[in-house]
Amino acid sequence: GQSFAECEATPGAARQDDETGDEDSTYNECDLSLAVETDSDLYDAGETIDYRIVVRDTLCNNTRHDVVVNYFVQDIFGNYAREPFNTTQSMVCSLSIDRQWTSGDVKGSETYYIKAIIAEPGCNELVEEDNSGYATITVKGTQPEQKPSKSSININEIGAGSNEKI
């Protein structure tokens with residue numbers, strides 16, 4: 001007869017209990033946190049803004065898994081300056097996702113939030129409260145050139161006044 005050797009599950013895959021079919025909830029546990037980082041808080045209109053979305057697993061069990069991150073840019077009124085986009089990345093312990101955004105023409109100045117959210121952790125996430133983050137930036141717009149206006153004072157009459165005592 002043939003004999004079969006028992007093998008370990010694929011790394012990063014959820015194991016199932018053979019008798020109950022339940023997933024082992026302690027397998028592939030993680031505690032992900034997310035932060036958005038920029039090189040500066042102030043940019044000029046039309047300047048390309050480099051930013052990083054940093055995902056860290058504080059448990060770091062050295063298991064590779066995919067994580068889905070949703071990211072976007074909004075103004076202070078909640079309007080999208082960059083529509084939401086999902087990216088799927090493979091990670092072990094930490095991940096840095098480099099992205100860019102270029103503001104349009106801005107008059108005056110505008111404040112924007114670069115936001116990111118872990119949409120799917122790809123592991124048994126223990127703490128979800130820190131699965132989102134944002135960076136606040138201000139874009140300094142173009143100011144119309146102001147020409148100095150001419151000032152003038154017209155004096156029509158000069159009164160000598162009086163020296164009467166009151």
Side-chain angles (χ1 to χ4, degrees), residues 6-145:
E6 196 170 298
C7 298
E8 287 296 313
T10 304
R15 292 186 294 194
Q16 291 189 344
D17 183 295
D18 290 335
E19 293 178 21
T20 65
D22 292 337
E23 285 189 1
D24 182 349
S25 63
T26 61
Y27 190 72
N28 203 16
E29 286 184 341
C30 64
D31 182 9
L32 302 181
S33 64
L34 184 144
V36 179
E37 301 173 350
T38 59
D39 295 330
S40 175
D41 296 333
L42 183 63
Y43 296 89
D44 291 323
E47 183 177 354
T48 298
I49 299 160
D50 294 314
Y51 62 96
R52 289 161 304 290
I53 302 166
V54 180
V55 180
R56 290 187 179 87
D57 182 356
T58 57
L59 291 182
C60 187
N61 63 14
N62 289 313
T63 302
R64 179 171 298 282
H65 60 92
D66 287 345
V67 61
V68 178
V69 176
N70 177 272
Y71 62 96
F72 51 94
V73 179
Q74 287 181 309
D75 66 14
I76 60 174
F77 303 107
N79 301 310
Y80 288 110
R82 177 187 185 131
E83 293 294 322
F85 185 82
N86 282 341
T87 181
T88 302
Q89 306 280 325
S90 182
M91 71 173 282
V92 175
C93 299
S94 66
L95 167 68
S96 181
I97 305 168
D98 295 331
R99 292 293 183 256
Q100 293 182 327
W101 175 67
T102 304
S103 71
D105 187 30
V106 175
K107 302 288 185 206
S109 63
E110 292 285 336
T111 299
Y112 295 96
Y113 302 111
I114 302 172
K115 297 182 177 183
I117 301 165
I118 297 172
E120 297 175 27
C123 56
N124 185 14
E125 172 67 301
L126 298 178
V127 180
E128 294 183 2
E129 286 78 24
D130 54 357
N131 284 7
S132 64
Y134 69 94
T136 304
I137 60 167
T138 300
V139 177
K140 189 171 55 171
T142 55
Q143 300 288 340
E145 187 177 320

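Counting from 1, the numbers follow the sequence of the chain as shown. Not measured: the values here are computed from a predicted model. Excluded from the calculations below are hydrogen atoms, water molecules and symmetry mates; all remaining heavy atoms, backbone and side chain alike, are included.
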Quick one, R99 with T87, criterion side-chain contact (heavy atoms from CB on, under 4.5 Å). Give me CA distance, side-chain angles, the key distance, then yes/no. CA-CA 11 Å; R99 292 293 183 256; T87 181; 3.3 Å; yes
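Looking only at side-chain heavy atoms (C-beta outward), L32 and C123 come within less than 4.5 Å of each other. By the 4.5 Å heavy-atom criterion applied to side chains, I49 and I114 are counted as neighbours. Side-chain atoms of L34 and I117, non-hydrogen and from C-beta on, never get closer than 4.5 Å to each other.
Annotation for S109 and K140: closest pair CB-CA, 4.2 Å, computed over non-hydrogen atoms. Closest heavy-atom contact between V36 and G133: CG2-O, 3.6 Å. The minimum heavy-atom distance linking V127 with N131 is given by the pair O-OD1, 3.6 Å. Closest non-hydrogen pair, T136 versus D41, comes out as O-OD1, 3.9 Å. For the residue pair D57 and D31, the shortest heavy atom distance occurs at OD1-N, 3.0 Å. Residues P121 and E125 share a closest heavy-atom pair of CG-CB, 3.9 Å.
Counted within 6.0 Å of CZ on F77, heavy atoms from surrounding residues, nucleotides or ligands total 12 or fewer; the atom is thus considered open.
Taken to the nearest 0.5 Å, the CD1 atom of I137 stands 11.0 Å off from the CD atom of E110. Distance check, rounded to the nearest 0.5 Å: CG of D75 to OH of Y80 gives 11.0 Å. Atoms CG and OG1, on D44 and T138 in that order, are 12.0 Å from each other to the nearest 0.5 Å. Of the inter-residue distances, the one linking S103 atom OG with R82 atom CZ reads 13.0 Å to the nearest 0.5 angstrom. Here the OG atom belonging to S33 is positioned 12.0 Å from the CD atom belonging to E129, to the nearest 0.5 angstrom. For the atom pair N70 CG and E120 CD, the distance stands at 10.5 Å (nearest 0.5 Å).
Although no hydrogens or angles enter the test, the distance criterion places no donor-acceptor pair under 3.5 Å between the side chain of N28 and the main chain of T63.
Applying the ring pair (Phe, Tyr, Trp, His ring centres under 6.0 Å) criterion to F85, with sequence neighbours excluded, gives Y71. Residues satisfying the salt bridge (charged side-chain N to carboxylate O under 4.0 Å, His left out) criterion with R56, sequence neighbours excluded, are absent altogether. Residues satisfying the ring pair (Phe, Tyr, Trp, His ring centres under 6.0 Å) test with Y134, not counting sequence neighbours, are Y113.
No option in D98, T38, D39 other than D39 meets the side-chain hydrogen bond (donor to acceptor under 3.5 Å, both in side chains) test with R52. Applying the ring-ring contact (aromatic ring centres under 6.0 Å, His included) test between Y112 and each of W101, Y51, Y43 identifies W101 as the sole match.
At a cut-off of 3.5 Å, with distance as the only test, no side-chain donor of Q100 or T102 sits close to an acceptor on the other residue. Looking at S90 and R64, their side chains do bring a donor and an acceptor atom within 3.5 Å of each other.
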